[in-house]
Each structure stands twice: as C-alpha cells, then as structure tokens.
Amino acid sequence: TVTVNATCTMSTLPGTVNFGTYTAFQGAAKTANTTFSTRCTNLTPYTMSLDAASGVISGLNYSLLLNTSASGGSHPLGPVNATGVTQNYFINGTMPANQAGTCTGASCAGTNTHSLTITY
C-alpha cells in the first residue's frame, strides 16, 4: 500500500489588480486582472475563494472574480480536480462607469488587500 499525502502550492502568486487612472463619471467601466498558478497533487479536488468579492477605493466601487481566463471566461466555482501540473487562473476586476469617487485633489491613490484561499 502506498499513501500519497495531497498538497497544493502556489506556483505563481497573484499580483496587483491595477485599475490605473479612473476619471470621475467616466463613461466606460475599467477592467484589470492578475494571474496566479496552483499546483496540487493529481486528482486532488480543491476550491478557491477570495475574502471579498467587492470593495471601495477612494469612493469607487469595484468587484473581483476568480476566472480561468483574463477576459472573464469560466468561473471555477466547484471543486477543481488537480492534474498534478501547474494550473493557471486569473483574478478579474471591474470598476463600473459613471462613479464620482471621493477624491478631493487632482488625483488620489488607494489600495485594498484581499486574501485568496485554496482549500483541499
């Protein structure tokens, strides 16, 4: 009998979802994404989740979603079956159009930190 303990690692850590410059009341939504990679023992089911699916920076609302493509493809909702090799994912961000924000100067910068959890 051989026992293999399941493991999951982050091959590539997520970077920053940088929305860039947002002009008050702009007519188009801003989108941004970052990529990350996992590597889990073959056939190990795992799930991923973010600590929050939305947030506010300088009065501007945004939403985040885990995806399998940079353009917002399939959302890995249920357990993903590991293949034993690196699997790539994205955190896609959207900042809706027509927001005023709360910046009182010519420009403002802000950050929010989120946690990505992998459960296996």
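Numbers here simply count residues along the sequence, with the first being 1.
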Taking only distance into account, with no hydrogens and no angle test, what donor-acceptor pairs under 3.5 Å do side-chain atoms of residues 113-120 form with protein atoms, sequence neighbours excluded?
| from | atom 1 | to | atom 2 | distance (Å) |
| --- | --- | --- | --- | --- |
| H114 | ND1 | D51 | OD1 | 3.1 |
| H114 | NE2 | Y62 | OH | 2.7 |

Under 3.5 Å, which donor-acceptor pairs do the side chains of residues 93-111 form with other protein atoms, sequence neighbours left out?
| from | atom 1 | to | atom 2 | distance (Å) |
| --- | --- | --- | --- | --- |
| Q99 | OE1 | N61 | N | 2.6 |
| Q99 | OE1 | N61 | ND2 | 3.4 |
| Q99 | NE2 | N61 | O | 3.2 |
| Q99 | NE2 | P96 | O | 2.9 |
| T102 | OG1 | S58 | O | 3.1 |
| T102 | OG1 | G59 | N | 3.4 |

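Without hydrogens or angle criteria, N18 side chain to G20 main chain gives a donor-acceptor distance under 3.5 Å. Without hydrogens or angle criteria, R39 side chain to G84 main chain gives a donor-acceptor distance under 3.5 Å. Judged by distance alone, the side chain of N92 and the main-chain N or O of L64 form no donor-acceptor pair under 3.5 Å. T41 contributes a side-chain N or O that, together with a main-chain N or O of T7, makes up a donor-acceptor pair within less than 3.5 Å.
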Q: For side-chain contact (heavy atoms from CB on, under 4.5 Å), just list the numbers for V80 and Y89, CA-CA rounded to whole Å, side-chain angles, deciding distance to a tenth of an Å, and then say yes or no.
A: CA-CA 11 Å; V80 175; Y89 298 100; 3.2 Å; yes
**Q.** side-chain contact (heavy atoms from CB on, under 4.5 Å) between Q87 and F36, worked out
**A.** CA-CA 9 Å; Q87 293 175 283; F36 66 95; over 6 Å; no
Q: Output, in order, the C-alpha distance, side-chain angles, deciding distance and verdict of side-chain contact (heavy atoms from CB on, under 4.5 Å) for Y46 and T38.
A: CA-CA 10 Å; Y46 65 97; T38 63; 3.0 Å; yes
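How far OG of S69 is from CG of N88: 11.5 Å, rounded to the nearest 0.5 Å.
The side-chain heavy atoms of F90 and T68, taken from C-beta on, include no pair separated by under 4.5 Å. Considering only heavy atoms from C-beta on, N33 stays 4.5 Å or farther from I91 through its side chain.
The nearest pair of heavy atoms linking A6 to T44 is CB-OG1, 3.6 Å.
In the hydrophobic clustering of this structure, V56 does not group with L65; members are Ile, Leu, Val, Met, Phe, Trp, Tyr whose side-chain heavy atoms approach within less than 4.5 Å, directly or through other members.
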